[in-house]
Amino acid sequence: NLPGATVQLTIRPTINKIEEMTFRCPLFWTIGQIKQFISMTHKNGKDYLRPEKNSIFFGGKIWEDDVPISKVLAGVKNSLK
């Protein structure tokens with residue numbers, strides 16, 4: 001990873017009444033840090049998106065809190081040229 005590299009994420013909650021959230025985060029953040037960020041900044045974070053109650057699904061897998069987002073996205077190819 002490049003120092004200071006970030007990625008834009010769009011989080012789509014499985015509860016239909018909760019809006020999706022798009023934000024940038026450093027590639028070194030872990031899933032746990034992302035969940036904490038969502039709970040603190042999403043308007044429904046305190047009610048529905050508490051980190052201890054939620055999971056991050058990507059690529060058909062539930063990711064553990066200690067995994068860095070760079071590892072989760074390792075197989076994703078960048079579409080920018």
Under 4.5 Å between any side-chain heavy atoms of Thr6 and Cys25, yes or no?
no
Let me confirm one number: the CG-CD1 distance from Leu9 to Ile56, rounded to the nearest 0.5 Å.
8.5 Å
Could you go through residues 61-69 and list every donor-acceptor pair under 3.5 Å that involves a side-chain atom there, pairing it with any protein atom two or more places apart or in another chain?
| from | atom 1 | to | atom 2 | distance (Å) |
| --- | --- | --- | --- | --- |
| Trp63 | NE1 | Phe58 | O | 2.9 |
| Asp65 | OD1 | Lys35 | NZ | 2.8 |

Among Ile38, Thr10, Thr41, find the residue that satisfies the side chain to side chain contact (heavy atoms under 4.5 Å, CB included) test when tested with Phe23.
Ile38
Is there a path of hydrophobic side-chain contacts, each under 4.5 Å between heavy atoms, that joins Ile31 and Phe57?
no
Verify, without hydrogens or angle tests, whether His42 (side chain) and Phe37 (backbone) share a donor-acceptor contact under 3.5 angstrom.
no
Rounding to 0.5 Å, atoms CD1 (Ile18) and CZ (Arg12) come to a distance of 15.0 Å
Heavy-atom check, side chain of Glu20 versus side chain of Ile11, under 4.5 Å
no
